Amino acid sequence: MADILLYRPHFVAFIILFLLGMYIMVVCLNLVKKLIGMYIMQTSIILFFITLAVKEEGTIPILMPSALALPPEAYANPLPHVLMLTAIVVGVSTLGVSLAMVIALYRKYNTLEEDQILEKMQ
Amino acid sequence: MTLFDDYLLLLLSVVTALGAVFVRDLLSGVLTLAAYSFFLALLWAGLGAVDVAFTEAVVGAGLSTLFFLVALFLTSHQEEVHKRLQVRMVTLGSLGVLGFLLLFGSVDLPVVGDPESLPSKHVSSHYLRKSLEETDTPNVVTAVLADYRGFDTLGETTVIFTAGIGCWMLLRRRDDSAT
(Lines give C-alpha, C1' and ligand atoms only; values in the text may rest on other atoms or scores of the structure.)
Protein backbone atom coordinates (compact mmCIF):
# COMPACT_ATOMS: atom_id res chain seq x y z
CA MET A 1 0.00 0.00 0.00
CA ALA A 2 2.87 2.39 0.73
CA ASP A 3 4.17 2.20 -2.86
CA ILE A 4 0.94 3.74 -4.14
CA LEU A 5 1.73 6.95 -2.35
CA LEU A 6 5.31 6.87 -3.58
CA TYR A 7 4.96 5.85 -7.23
CA ARG A 8 1.36 6.75 -7.99
CA PRO A 9 0.72 10.00 -6.11
CA HIS A 10 -1.65 11.13 -8.88
CA PHE A 11 -4.07 8.32 -8.09
CA VAL A 12 -4.04 9.17 -4.40
CA ALA A 13 -4.77 12.82 -5.22
CA PHE A 14 -7.53 11.67 -7.58
CA ILE A 15 -9.14 9.60 -4.82
CA ILE A 16 -8.93 12.46 -2.29
CA LEU A 17 -10.43 15.01 -4.71
CA PHE A 18 -13.16 12.63 -5.93
CA LEU A 19 -14.28 11.74 -2.41
CA LEU A 20 -14.09 15.38 -1.31
CA GLY A 21 -16.34 16.49 -4.16
CA MET A 22 -18.82 13.70 -3.51
CA TYR A 23 -18.88 14.39 0.24
CA ILE A 24 -19.64 18.07 -0.33
CA MET A 25 -22.39 17.25 -2.82
CA VAL A 26 -24.08 15.01 -0.26
CA VAL A 27 -23.55 16.94 2.96
CA CYS A 28 -23.82 20.64 2.07
CA LEU A 29 -27.27 22.15 1.70
CA ASN A 30 -26.10 25.29 -0.10
CA LEU A 31 -26.68 24.85 -3.83
CA VAL A 32 -23.60 26.79 -4.98
CA LYS A 33 -21.44 24.77 -2.56
CA LYS A 34 -22.83 21.59 -4.11
CA LEU A 35 -21.77 22.86 -7.54
CA ILE A 36 -18.26 23.59 -6.25
CA GLY A 37 -18.17 19.95 -5.13
CA MET A 38 -19.36 18.82 -8.55
CA TYR A 39 -16.63 20.84 -10.25
CA ILE A 40 -13.94 19.28 -8.03
CA MET A 41 -15.27 15.80 -8.81
CA GLN A 42 -15.23 16.44 -12.58
CA THR A 43 -11.67 17.76 -12.56
CA SER A 44 -10.49 14.83 -10.43
CA ILE A 45 -11.68 12.43 -13.14
CA ILE A 46 -9.84 14.49 -15.78
CA LEU A 47 -6.71 14.21 -13.62
CA PHE A 48 -7.10 10.42 -13.59
CA PHE A 49 -7.34 10.18 -17.38
CA ILE A 50 -4.41 12.54 -18.02
CA THR A 51 -2.27 10.48 -15.65
CA LEU A 52 -2.98 7.36 -17.72
CA ALA A 53 -1.72 9.14 -20.85
CA VAL A 54 1.74 9.96 -19.47
CA LYS A 55 4.79 8.20 -20.89
CA GLU A 56 8.09 8.45 -19.10
CA GLU A 57 10.19 9.60 -22.06
CA GLY A 58 7.22 11.08 -23.88
CA THR A 59 6.96 14.67 -25.00
CA ILE A 60 3.82 16.61 -25.97
CA PRO A 61 1.83 14.96 -28.80
CA ILE A 62 2.84 17.34 -31.59
CA LEU A 63 4.66 15.42 -34.29
CA MET A 64 8.10 16.27 -35.60
CA PRO A 65 8.44 16.73 -39.39
CA SER A 66 8.52 13.38 -41.17
CA ALA A 67 12.31 13.58 -41.71
CA LEU A 68 12.80 13.44 -37.93
CA ALA A 69 10.02 10.93 -37.26
CA LEU A 70 10.04 9.46 -33.76
CA PRO A 71 8.40 6.20 -32.62
CA PRO A 72 5.00 6.39 -30.84
CA GLU A 73 6.70 5.77 -27.48
CA ALA A 74 8.27 9.23 -27.74
CA TYR A 75 4.95 11.05 -27.51
CA ALA A 76 2.31 11.17 -24.77
CA ASN A 77 -0.86 9.25 -25.58
CA PRO A 78 -3.16 11.75 -27.38
CA LEU A 79 -6.45 9.88 -27.04
CA PRO A 80 -7.17 10.61 -23.33
CA HIS A 81 -6.30 14.25 -24.01
CA VAL A 82 -8.98 14.45 -26.70
CA LEU A 83 -11.58 12.75 -24.50
CA MET A 84 -10.79 15.10 -21.63
CA LEU A 85 -11.04 18.19 -23.84
CA THR A 86 -14.60 17.09 -24.55
CA ALA A 87 -15.16 16.41 -20.84
CA ILE A 88 -14.02 19.90 -19.83
CA VAL A 89 -16.34 21.57 -22.32
CA VAL A 90 -19.32 19.37 -21.40
CA GLY A 91 -18.55 19.99 -17.71
CA VAL A 92 -18.73 23.74 -18.22
CA SER A 93 -22.04 23.35 -20.07
CA THR A 94 -23.58 21.40 -17.17
CA LEU A 95 -22.15 23.95 -14.74
CA GLY A 96 -23.69 26.83 -16.70
CA VAL A 97 -27.14 25.23 -16.88
CA SER A 98 -27.12 24.30 -13.20
CA LEU A 99 -26.04 27.81 -12.17
CA ALA A 100 -28.87 29.20 -14.31
CA MET A 101 -31.24 26.87 -12.40
CA VAL A 102 -29.81 28.14 -9.10
CA ILE A 103 -30.43 31.75 -10.18
CA ALA A 104 -34.01 30.90 -11.23
CA LEU A 105 -34.61 29.18 -7.87
CA TYR A 106 -33.20 32.19 -6.01
CA ARG A 107 -35.49 34.54 -7.88
CA LYS A 108 -38.49 32.52 -6.84
CA TYR A 109 -37.62 31.46 -3.27
CA ASN A 110 -35.03 34.08 -2.29
CA THR A 111 -32.62 31.57 -0.73
CA LEU A 112 -29.83 29.20 -1.77
CA GLU A 113 -30.38 26.65 1.02
CA GLU A 114 -31.98 23.41 -0.07
CA ASP A 115 -34.00 22.81 3.13
CA GLN A 116 -35.53 26.31 3.06
CA ILE A 117 -36.46 25.93 -0.63
CA LEU A 118 -38.17 22.62 0.15
CA GLU A 119 -40.00 24.25 3.07
CA LYS A 120 -41.25 27.13 0.94
CA MET A 121 -42.38 24.76 -1.81
CA GLN A 122 -44.87 23.06 0.47
CA MET B 1 8.98 17.38 -15.18
CA THR B 2 10.28 15.48 -12.19
CA LEU B 3 8.19 13.56 -9.73
CA PHE B 4 8.95 16.26 -7.15
CA ASP B 5 7.13 18.93 -9.19
CA ASP B 6 4.21 16.54 -9.49
CA TYR B 7 4.10 16.07 -5.73
CA LEU B 8 4.20 19.81 -5.17
CA LEU B 9 1.44 20.63 -7.66
CA LEU B 10 -0.75 17.74 -6.48
CA LEU B 11 -0.34 18.90 -2.89
CA LEU B 12 -1.18 22.50 -3.86
CA SER B 13 -4.27 21.43 -5.79
CA VAL B 14 -5.56 19.24 -2.94
CA VAL B 15 -4.98 22.07 -0.44
CA THR B 16 -6.74 24.65 -2.62
CA ALA B 17 -9.64 22.24 -3.21
CA LEU B 18 -10.00 21.78 0.56
CA GLY B 19 -9.83 25.56 0.98
CA ALA B 20 -12.50 26.14 -1.69
CA VAL B 21 -14.82 23.72 0.06
CA PHE B 22 -14.31 24.57 3.71
CA VAL B 23 -14.12 28.38 3.54
CA ARG B 24 -17.38 29.84 4.85
CA ASP B 25 -17.87 32.71 2.38
CA LEU B 26 -18.91 31.47 -1.06
CA LEU B 27 -17.11 34.29 -2.92
CA SER B 28 -13.75 33.31 -1.39
CA GLY B 29 -14.59 29.68 -2.13
CA VAL B 30 -15.13 30.39 -5.82
CA LEU B 31 -11.88 32.37 -6.11
CA THR B 32 -9.95 29.60 -4.37
CA LEU B 33 -11.53 27.21 -6.86
CA ALA B 34 -10.03 29.31 -9.67
CA ALA B 35 -6.60 28.90 -8.06
CA TYR B 36 -7.23 25.13 -7.85
CA SER B 37 -8.04 25.13 -11.56
CA PHE B 38 -4.82 26.95 -12.42
CA PHE B 39 -2.72 24.52 -10.39
CA LEU B 40 -4.35 21.63 -12.25
CA ALA B 41 -3.63 23.35 -15.58
CA LEU B 42 0.04 23.68 -14.60
CA LEU B 43 0.13 20.02 -13.59
CA TRP B 44 -1.33 18.92 -16.92
CA ALA B 45 1.06 21.10 -18.90
CA GLY B 46 3.87 19.35 -17.03
CA LEU B 47 2.40 15.93 -17.76
CA GLY B 48 2.47 16.64 -21.52
CA ALA B 49 -1.21 17.45 -22.04
CA VAL B 50 -0.76 21.00 -23.31
CA ASP B 51 -4.11 21.24 -25.10
CA VAL B 52 -5.98 20.11 -22.00
CA ALA B 53 -3.97 22.60 -19.93
CA PHE B 54 -4.90 25.49 -22.23
CA THR B 55 -8.53 24.51 -22.18
CA GLU B 56 -8.56 24.11 -18.41
CA ALA B 57 -6.92 27.51 -17.89
CA VAL B 58 -9.29 29.29 -20.27
CA VAL B 59 -12.54 27.40 -19.76
CA GLY B 60 -12.09 25.95 -16.27
CA ALA B 61 -10.33 28.77 -14.47
CA GLY B 62 -11.69 31.59 -16.59
CA LEU B 63 -15.19 30.83 -17.81
CA SER B 64 -16.38 28.66 -14.88
CA THR B 65 -15.19 31.27 -12.38
CA LEU B 66 -17.01 33.93 -14.37
CA PHE B 67 -20.22 31.84 -14.30
CA PHE B 68 -19.88 31.30 -10.56
CA LEU B 69 -19.25 35.01 -9.93
CA VAL B 70 -22.23 36.08 -12.04
CA ALA B 71 -24.43 33.58 -10.20
CA LEU B 72 -23.17 34.79 -6.81
CA PHE B 73 -23.74 38.46 -7.65
CA LEU B 74 -27.28 37.68 -8.80
CA THR B 75 -27.97 35.70 -5.60
CA SER B 76 -26.23 35.85 -2.22
CA HIS B 77 -22.90 34.64 -0.97
CA GLN B 78 -23.81 33.73 2.58
CA GLU B 79 -23.78 30.10 3.55
CA GLU B 80 -25.60 28.86 6.61
CA VAL B 81 -24.06 26.45 9.07
CA HIS B 82 -25.77 23.10 9.47
CA LYS B 83 -25.03 20.45 12.02
CA ARG B 84 -26.55 17.33 10.35
CA LEU B 85 -24.27 15.07 12.35
CA GLN B 86 -26.03 11.86 11.34
CA VAL B 87 -25.83 12.56 7.60
CA ARG B 88 -22.16 13.51 7.97
CA MET B 89 -21.31 10.27 9.78
CA VAL B 90 -23.15 8.03 7.31
CA THR B 91 -21.56 9.82 4.32
CA LEU B 92 -18.08 9.73 5.82
CA GLY B 93 -18.45 6.02 6.54
CA SER B 94 -19.68 5.02 3.09
CA LEU B 95 -17.21 7.27 1.28
CA GLY B 96 -14.43 5.85 3.45
CA VAL B 97 -15.32 2.37 2.24
CA LEU B 98 -15.41 3.65 -1.37
CA GLY B 99 -12.03 5.32 -0.88
CA PHE B 100 -10.52 2.14 0.48
CA LEU B 101 -11.84 0.18 -2.52
CA LEU B 102 -10.44 2.76 -4.96
CA LEU B 103 -7.06 2.70 -3.21
CA PHE B 104 -7.11 -1.09 -3.25
CA GLY B 105 -7.95 -1.08 -6.98
CA SER B 106 -5.25 1.42 -7.86
CA VAL B 107 -2.56 -1.11 -6.90
CA ASP B 108 -3.30 -2.87 -10.20
CA LEU B 109 -3.21 0.30 -12.31
CA PRO B 110 -0.14 0.81 -14.52
CA VAL B 111 2.77 2.76 -13.05
CA VAL B 112 2.60 6.43 -14.03
CA GLY B 113 4.72 6.94 -17.15
CA ASP B 114 4.88 3.32 -18.29
CA PRO B 115 5.03 3.40 -22.14
CA GLU B 116 3.89 -0.25 -22.33
CA SER B 117 0.68 0.37 -20.37
CA LEU B 118 -2.55 -0.85 -21.93
CA PRO B 119 -4.14 2.56 -22.73
CA SER B 120 -1.06 3.44 -24.81
CA LYS B 121 -1.05 0.23 -26.85
CA HIS B 122 -4.15 0.05 -28.96
CA VAL B 123 -5.39 2.76 -31.29
CA SER B 124 -3.29 5.68 -30.05
CA SER B 125 -0.07 4.35 -31.58
CA HIS B 126 -1.84 4.26 -34.96
CA TYR B 127 -2.74 7.93 -34.51
CA LEU B 128 0.85 8.76 -33.61
CA ARG B 129 2.27 6.87 -36.61
CA LYS B 130 -0.18 7.80 -39.33
CA SER B 131 -1.90 11.07 -38.49
CA LEU B 132 0.68 13.32 -40.19
CA GLU B 133 0.29 11.32 -43.39
CA GLU B 134 -3.50 10.93 -43.22
CA THR B 135 -4.60 14.33 -41.94
CA ASP B 136 -1.59 16.59 -42.56
CA THR B 137 -1.82 18.06 -39.05
CA PRO B 138 1.24 17.92 -36.80
CA ASN B 139 -0.80 18.28 -33.61
CA VAL B 140 -2.21 14.80 -33.03
CA VAL B 141 -4.79 16.02 -30.50
CA THR B 142 -6.28 18.35 -33.12
CA ALA B 143 -6.18 15.62 -35.76
CA VAL B 144 -8.07 13.17 -33.50
CA LEU B 145 -10.51 15.80 -32.26
CA ALA B 146 -11.52 17.22 -35.61
CA ASP B 147 -10.88 14.31 -37.95
CA TYR B 148 -10.83 10.77 -36.52
CA ARG B 149 -13.40 11.54 -33.83
CA GLY B 150 -15.10 14.47 -35.57
CA PHE B 151 -18.51 12.96 -34.92
CA ASP B 152 -17.86 13.19 -31.17
CA THR B 153 -17.01 16.84 -31.56
CA LEU B 154 -20.26 17.41 -33.44
CA GLY B 155 -22.09 15.87 -30.46
CA GLU B 156 -20.13 18.15 -28.13
CA THR B 157 -21.23 21.18 -30.14
CA THR B 158 -24.82 19.99 -29.82
CA VAL B 159 -24.37 19.80 -26.05
CA ILE B 160 -23.07 23.38 -25.90
CA PHE B 161 -25.93 24.60 -28.10
CA THR B 162 -28.50 22.84 -25.92
CA ALA B 163 -26.89 24.25 -22.78
CA GLY B 164 -26.98 27.76 -24.23
CA ILE B 165 -30.68 27.44 -25.08
CA GLY B 166 -31.34 25.98 -21.62
CA CYS B 167 -29.63 28.92 -19.88
CA TRP B 168 -31.54 31.40 -22.00
CA MET B 169 -34.88 29.72 -21.27
CA LEU B 170 -34.15 29.62 -17.52
CA LEU B 171 -32.88 33.18 -17.18
CA ARG B 172 -35.19 35.21 -19.40
CA ARG B 173 -37.61 37.42 -17.49
CA ARG B 174 -41.22 36.77 -18.34
CA ASP B 175 -43.48 39.79 -18.02
CA ASP B 176 -46.73 37.85 -17.93
CA SER B 177 -45.97 35.70 -14.88
CA ALA B 178 -45.34 36.87 -11.33
CA THR B 179 -41.96 35.23 -10.76
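Predicted, not measured: the structure shown is a model, and the values here were computed from it. Sequence lines set the chain letters: A, B, ... in the order given, protein chains first and strands last, and positions in each chain run from 1.
- Between Ser98(A) and Met38(A), the closest heavy-atom pair is OG-CE, 4.3 Å.
- Between chain B and the options Pro71(A), Pro61(A), Ala13(A), the largest number of non-hydrogen pairs under 4.5 Å is found for Pro61(A).
- Interface remark: Asn110(A) contributes no atoms to any contact with chain B (heavy atom separation under 4.5 Å).
- Of all heavy-atom pairs between Cys28(A) and Lys33(A), the closest is SG-CG, 3.6 Å.
- In terms of heavy-atom pairs under 4.5 Å with chain A, the best-connected choice from Val70(B), Leu95(B), Thr55(B), Ile160(B) is Leu95(B).
- When each of Thr86(A), Thr51(A), Leu29(A), Asp115(A) is checked for heavy-atom pairs under 4.5 Å with chain B, Leu29(A) comes out on top.
- Of the two parts of Gln116(A), only the side chain, counted from C-beta on, holds a non-hydrogen atom closer than 4.5 Å to a non-hydrogen atom of chain B.
- Aromatic ring pairs are classed by plane angle as parallel below 30°, tilted from 30° to 60° and perpendicular above 60°; the pair Tyr148(B) and His126(B) is perpendicular.
- Residues Leu10(B) and Leu42(B) share a hydrophobic cluster, clusters being chains of Ile/Leu/Val/Met/Phe/Trp/Tyr side chains in contact below 4.5 Å.
- Only the side chain of Leu83(A) comes within contact range of chain B, with at least one heavy atom under 4.5 Å from a heavy atom of that chain.
- For a residue to count as touching a neighbouring chain, one of its non-hydrogen atoms must lie under 4.5 Å from one of that chain's; by this rule Leu109(B) touches chain A with backbone and side chain alike.
- The contact between Leu145(B) and chain A is made by backbone and side chain atoms together, counting heavy-atom distances below 4.5 Å.
- Here Glu113(A) is the residue among Met101(A), Met84(A), Glu113(A) with the most heavy-atom pairs under 4.5 Å with chain B.
- Most heavy-atom pairs under 4.5 Å with chain A, from the set Leu92(B), Thr91(B), Val159(B): that is Thr91(B).
- The part of Arg84(B) that comes within reach of chain A is its side chain, from C-beta onward, which places non-hydrogen atoms under 4.5 angstrom from that chain.
- When each of Thr43(A), Ile45(A), Ile46(A) is tested with Phe14(A) by the rule side-chain contact (heavy atoms from CB on, under 4.5 Å), just one qualifies, namely Ile45(A).
- Both the backbone and the side chain of Ile36(A) come within less than 4.5 Å of a heavy atom in chain B.
- Residue Leu20(A) touches chain B through its side chain alone, counting heavy-atom pairs closer than 4.5 Å.
- Highest contact tally toward chain B, considering only Val26(A), Ile62(A), Val97(A), is held by Ile62(A) [criterion: heavy-atom pairs under 4.5 Å].
- For Leu47(A), the parts sitting under 4.5 Å from any heavy atom of chain B are the backbone and the side chain alike.
- Relative ring orientation between Phe104(B) and Phe100(B) is described as parallel, the plane-to-plane angle staying below 30° on a 0-90° scale split at 30° and 60°.
- At a 4.5 Å heavy-atom cutoff, Phe49(A) makes no contact with chain B through either its backbone or its side chain.
- Looking only at heavy-atom pairs under 4.5 Å with chain B, the residue among Leu19(A), Thr59(A), Thr111(A), Leu35(A) that has the most is Leu19(A).
- Using a 4.5 Å cut-off between side-chain heavy atoms of Ile, Leu, Val, Met, Phe, Trp and Tyr, with links allowed through other members, Leu69(B) and Leu170(B) fall into different hydrophobic clusters.
- Looking at Leu17(A), the atoms closer than 4.5 Å to chain B (heavy atoms on both sides) all sit in the side chain, from C-beta outward.
- Taking the side chain as every heavy atom from C-beta outward, Thr94(A) and Gln42(A) approach each other to under 4.5 Å.
- Taking the six-membered ring where tryptophan is involved, the planes of Tyr39(A) and Tyr36(B) are perpendicular, since the angle between them exceeds 60° and thus also 30°.
- Put simply, Tyr127(B) and Ile60(A) are part of two different groups of oily side chains (I, L, V, M, F, W, Y) that touch within less than 4.5 Å, one to the next.
- The two residues Ala71(B) and Leu99(A) make their nearest non-hydrogen contact at CB-CD2, 3.7 Å.
- Neither the backbone nor the side chain of Val58(B) comes within contact range of chain A; no heavy atoms are under 4.5 Å apart.
- With a threshold of 4.5 angstrom between heavy atoms, Leu132(B) approaches chain A through its backbone and through its side chain.
- Interface summary for chain A: among Gly60(B), Gly29(B), Ser13(B), the most heavy-atom pairs under 4.5 angstrom belong to Gly60(B).
- Heavy atoms of Val123(B) lying under 4.5 Å from chain A belong exclusively to its side chain.
- Ranked by heavy-atom pairs shorter than 4.5 Å toward chain B, the options Ile16(A), Val102(A), Val89(A) are led by Val89(A).
- Per-residue counts of heavy-atom pairs under 4.5 Å with chain A were compared for Phe54(B), Trp44(B), Phe22(B); the largest is that of Trp44(B).
- Here Leu72(B) contributes atom CG and Tyr106(A) contributes atom OH; the two are 10.5 Å apart, rounded to the nearest 0.5 Å.
- Looking at heavy atoms from C-beta onward, Thr135(B) lies out of side-chain contact with Lys130(B) at the 4.5 angstrom threshold.
- Within 6.0 Å of atom CE in Met22(A), 12 or fewer heavy atoms from other residues, nucleotides or ligands are found, so the atom counts as exposed in its surroundings.
- Using a 4.5 Å cut-off between heavy atoms, Ile24(A) contacts chain B through its side chain alone, with no backbone atom that close.
- Minimum interatomic distance between Thr16(B) and Thr32(B) (heavy atoms only, all atoms of both residues): O-CG2, 3.5 Å.
- Atom CG of Leu105(A) and atom OG1 of Thr75(B) lie 10.5 Å apart (nearest 0.5 Å).
- The residue among Gly166(B), Gly155(B), Ser64(B) with the most heavy atom pairs within less than 4.5 Å of chain A is Ser64(B).
- Taking chain A as the reference chain and counting heavy-atom pairs below 4.5 Å, the highest number among Ser37(B), Ala49(B), Ala20(B), Gly96(B) is found for Ala49(B).
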